[in-house]
Protein chains: 2
Amino acid sequence: MKLSKTSEYALRILSYMAKDPSQLYTAKQLIETLHISDKYLRQLMTGLTKSGLIYSIQGRDGGYSFAKKPTEIFLSDIVDSVEGMNRYTGCILGFEHCSDDNPCVMHKVWVEARKEFIQTFTTKTLDKLNLEGVNKF
Amino acid sequence: MKLSKTSEYALRILSYMAKDPSQLYTAKQLIETLHISDKYLRQLMTGLTKSGLIYSIQGRDGGYSFAKKPTEIFLSDIVDSVEGMNRYTGCILGFEHCSDDNPCVMHKVWVEARKEFIQTFTTKTLDKLNLEGVNKF
DNA sequence: TTAATATACTATTATAAGGTAGCATTTAAC
DNA sequence: GTTAAATGCTACCTTATAATAGTATATTAA
């Protein structure tokens, strides 16, 4: 019931940016505000750029900004772009061929338990979060 | 939204054993039926033994059996004993001090999303699973 | 008491995730 | 053009998880 560290970072960064979505953010600024290591953040941002959630401007006075509006970015989009689709689906017992039609013994329990999670993350957009105090930590 | 491989194995093994809970199962039998590697399964079983879910009988004609009845073993007990308590709780954004009183921006969303998971795993016991075809994979 | 058949323990190896380093590339101010 | 300030790329290092190997210990049947 954990997401990867990389997902945590991606959600933190984009939540922070969503508070003022039209701004251009430099890597330096994000690093200092959110306390994420330099090179790791850049890698992550490159990934988010390639997946189309943000765009980057290279060179002097460059930085990152939203490519889609926060009203159009679902939380699941962020997780999916970092972890690869379906990372957080799949059988809890690790069976390859487990499905609704051919369920493992824990299938029903697992599917119901994660339904709320998937439901929330595929319907909530970035702007729906209460972004007050987004960088207070 | 994943559990560790070790949790997967633990759930698989105990689900299998729960179909005939009074039986004494040898490591060999579990390995052959469930296709888990020899030494890894033994390590795992030693851990489950220490956490009090099963007991082991050493020596010739030994094996593993339930220390608690499947009706008394919650799915969360199994996961907790393998992963350590609270492995699947904690803040989705990785903030140490995030709590109901001092929530991060995603706290509310996250708490609601995982509620069903925690609810299910802390209330469902092993015997409540539909154990038909537990070893068909 | 010996041999056979179990589990227990400890150390090692392999793989994946997380994180770091250095150089290359791009762009705007001057 | 040159320089400064920004992102991009690739390779490497570190740490944690997963898996393996070998030896020790326990128990029972003969």
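Letters A, B, ... are given to chains in the order of the sequence lines, protein chains preceding strands, and every chain is numbered from 1. This is a predicted model, so every value here is computed, not measured.
- Within the 6.0 Å centre-distance limit, the rings of A:Y40 and A:Y9 are counted as a close aromatic pair.
- When the P atom of C:dG19 is taken as reference, atom OH of A:Y9 falls 4 Å away, rounded to whole Å.
- Atom NZ in A:K5 sits roughly 16 Å away from atom C1' in D:dT17 (whole-Å rounding).
- Listed nucleotides C:dG19, D:dT7, C:dC9 differ in distance to A:S37; the shortest reach to its side chain belongs to C:dG19.
- Between the side chain of B:K39 and the base of D:dG22, a donor-acceptor pair under 3.5 Å is found.
- Nucleotides of DNA chain C nearest to A:I57 and A:T6 differ in position, and the one nearer the 5' end is that of A:T6.
- Along DNA chain D, the nucleotide nearest A:S56 and the nucleotide nearest A:Q43 are compared for position; the residue whose nucleotide lies closer to the 5' end is A:S56.
- Between B:D61 and A:G59, the residue anchored nearer the 5' end of DNA chain C, judged by the nucleotide with its closest heavy atom, is B:D61.
- No more than 12 heavy atoms of other residues, nucleotides or ligands lie within 6.0 Å of NZ in A:K108, so this atom counts as exposed by the packing criterion.
- OP1 and OP2 of C:dT7 both lie 4.0 Å or more from every side-chain N or O belonging to B:Y25.
- Note: CZ (B:R42) to P (D:dT25) measures 17 Å, nearest angstrom.
- With rounding to whole Å, B:E83 atom CD is found 11 Å from D:dT17 atom C1'.
- Each of A:F74 and A:L48 belongs to its own hydrophobic cluster when Ile, Leu, Val, Met, Phe, Trp and Tyr are linked at side-chain heavy-atom distances under 4.5 angstrom.
- A side-chain donor-acceptor contact under 3.5 Å links B:E83 to the backbone of B:S4.
- Rounded to whole Å, atom P of D:dA6 lies 14 Å from atom CE of A:M45.
- If you measure from atom OH of A:Y40 to atom C1' of D:dC12, you get 15 Å, rounded to the nearest angstrom.
- Side-chain proximity of A:T46 to the nucleotides D:dT20, D:dG8, C:dT7 is greatest for D:dG8.
- The CG-P distance, from A:L44 to C:dA17, rounds to 14 Å in whole Å.
- Picking from D:dA18, D:dG8, D:dA5 the nucleotide with the shortest atom distance to the side chain of A:R60 gives D:dA5.
- Remark: P of D:dT17 and CD of B:E8 are 15 Å apart, rounded to the nearest angstrom.
- Taking 4.5 Å as the limit, some side-chain heavy atom of B:Y16 sits within range of a side-chain heavy atom of B:Q29.
- Checking D:dG8, C:dA28, C:dA6 against the side-chain heavy atoms of B:T26 singles out C:dA6 as nearest.
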